[in-house]
2 protein chains.
Amino acid sequence: MTANSQIPPPPWQRLPDRQARRRREPISQEAIVSAAVRLLDREGLAALSMRRLAEELGTGAASLYWHVGSKDGLLDLVLDQVIGEGQVPDPDPARWREQLKDVARAQRRASLRHPYIVRISIGRIPMGPNALRYSERVLAILRAGGLPPRLAVQGYLLLIATVNGFTIDETGVTDGAPAGTGDSAGPDSAGPGDPASAQDAANMARDYIASLPRDLFPTMTGLADEFAFADADERFEMLIDIFVDGLARRAAANAAT
Amino acid sequence: MTANSQIPPPPWQRLPDRQARRRREPISQEAIVSAAVRLLDREGLAALSMRRLAEELGTGAASLYWHVGSKDGLLDLVLDQVIGEGQVPDPDPARWREQLKDVARAQRRASLRHPYIVRISIGRIPMGPNALRYSERVLAILRAGGLPPRLAVQGYLLLIATVNGFTIDETGVTDGAPAGTGDSAGPDSAGPGDPASAQDAANMARDYIASLPRDLFPTMTGLADEFAFADADERFEMLIDIFVDGLARRAAANAAT
DNA sequence: ACCTGAACACCGTTCAAGT
DNA sequence: ACCTGAACACCGTTCAAGT
């Protein structure tokens, strides 16, 4: 939305640096990235190949390379595009803890909406224009909350990593493909997050754990029922409670020095 | 080490269930898995293909399928093998917090020793024999610490996810390939973790952030120096401090009810 | 019970040649 | 400045055929 021309690309960006980018309808960098996101949303990470994407756009795979350099470069752009969906509020110093939790919740929702995105983000330092604007706004909240510079940056990096660690488990089971793609499930497609099959998986885990030999696994067999408790929302809230409270405690201890 | 025959495989295990497994030297499930781990340690995740692995073992790719079912099944076994390296101490109720932190530190070290393992673990519920024994012992520590059943299981799952989220960032930049494989670095291969190039990356990030327009990125440009502070050890300690302390606080609050 | 070669249906990427 | 077809060097997996 804001002018990207003011932001020079980072030196490690895997993109061809060519200037004048005319907009012939069928194909352009923007069109390619949007088509990639649509394809990923619809069919998951495994369905995205340069050939398949080109077909979707009515061209050959080779034509994409002029615009996005490589598949890796395309994924950089996809990641930044999805990050661009995130809205971060203006800092309200009195409410920085709750604002930070909202940021975490929004990140989790985005990761569930695009179940392939956490996997794409692995190995990529998000430094596209949208990622920069996003970081700027989250860090502004932390600074407004009174966190000193180092703690603000460390806390920001750890928050993102923590949420990613959580959502990897949530989105991992389905391999990034949308629910209901397989032929095993009936017409009861339960939408994003697929709670029905997540509960099924938890029940299977419980039954299996309960069936283990009691002498070798005294603790686990006793806890089998708890593995069937798969309320991801509650677990996520617990995680960000622990994290944000701990960060606030550090900030307070830091201020006392 | 312990007899696996007492532990039935989970129903979703992607392996062919065949019984008598004679040990003709060149090829066996164990030999395949060990060779895969060696290849992965040496050349990273991208280097592992069924053809390449078979070549390493002096056979054709098709021969592997009888023993491991599929590449996915092989990765299940690789994951369990690496988890089997982990040693978890007997529970000491008075020291459960420190023991849990040690578990987290050991998990991080294993992930740095095998930089591909976190990526392999995505989408896999570790339920192999080694994973079960591991879970049993960690949960025993949490229960000995006085955590009620639900909190013990939730805390265990969140601890693993949190450590994974952290180590994904640490191992992500190099794509799981060992340091010094590329031809850009000199003979100064800095061993696992590759601190030299990690610091380089942090410095590049700092310089780039510092170069951004100050009016659009007032917060980030002011924090640029902090992005060059790449002490992953310190950041990790902060993370597990926050997490374990928060978990203990929850346990105490729970006990008061 | 195990191994094999050959084939099928894919990949990402390059490159000379076009317009 | 952009697009293309064809090729290169790979993939995971299957399957009939062997021993």
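Just so it is clear: chains get the letters A, B, ... in the order the sequence lines come, proteins before strands, and each one is counted from 1.
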Approximate separation, where rounding is to 0.5 Å, of B/I32 CD1 and B/L57 CG: 6.5 Å

Distance (rounded to the nearest 0.5 Å) between A/L77 CG and A/Q29 CD: 4.5 Å

Apply side chain to side chain contact (heavy atoms under 4.5 Å, CB included) to the pair B/T167 and B/I117, showing each step before the final yes or no. CA-CA 10 Å; B/T167 50; B/I117 208 67; over 6 Å; no

Can a salt bridge be assigned to the pair A/D72 and A/R124 using a cut-off of 4.0 Å between side-chain N and carboxylate O? yes

Between N or O atoms, less than 3.5 Å apart, protein on one side and nucleotides 17-19 of chain D on the other: list the pairs.
none

Given that both pair distances must be under 3.5 Å and the pair must be Watson-Crick or G-U, what runs of three or more consecutive pairs involve DNA chain D? C:4-8 with D:12-16, C:12-16 with D:4-8

Could you give the distance from CZ (A/R113) to OG (A/S111), rounded to the nearest 0.5 Å? 9.0 Å

Quickly, which of A/N164, A/L112, A/D169 forms a side chain to side chain contact (heavy atoms under 4.5 Å, CB included) with A/V118? Name it, please. A/N164

Report the distance from atom CG of A/L57 to atom C1' of D/dT4, rounded to the nearest whole Å. 15 Å

Ring centres under 6.0 Å, that's the criterion: do A/Y65 and A/H67 meet it? no

How long is the straight-line distance from OG of A/S135 back to CZ of B/F227, given to the nearest 0.5 Å? 6.0 Å

Within the pair A/T59 and D/dC3, is there a side-chain N or O less than 4.0 Å away from OP1 or OP2? no

CD1 of B/I27 versus P of C/dA1: gap in Å, rounded? 17 Å

Would you call A/E56-A/R42 a salt bridge at under 4.0 Å N-O? yes

Could you tell me how far D/dC2 sits from C/dA17 if I compare only their P atoms? Round to whole Å. 22 Å

With a 4.0 Å limit, can you tell me whether A/H67 has a side-chain N or O closer than that to the phosphate oxygens OP1/OP2 of D/dA1? no

Looking at A/F236, does the NZ or CZ of A/R105 lie under 6.0 angstrom from its six-membered ring centre and within 45 degrees of the ring axis? no

Whole Å only: how far is the CG atom of A/L64 from the C1' atom of C/dC11? 14 Å

Check the distance between D/dT4's P and A/E55's CD and give it to me in whole angstrom. 14 Å

Give each protein N/O atom lying under 3.5 Å from an N/O atom of nucleotides 12-14 of chain D, with the pair distance.
residue	atom	partner	partner atom	Å
D/dG12	OP1	B/K71	NZ	2.9
D/dG12	OP2	B/M50	N	2.9
D/dG12	N7	B/R51	NH1	2.4
D/dG12	O6	B/R51	NH1	3.3
D/dG12	O6	B/R51	NH2	2.9
D/dT13	OP2	B/Y65	OH	3.0
D/dT13	OP2	B/K71	N	2.8

Exam field: side chain A/D80 to backbone A/P126, donor-acceptor pair closer than 3.5 Å: no

What integer number of Å spans the P atoms of C/dA9 and D/dA9? 22 Å

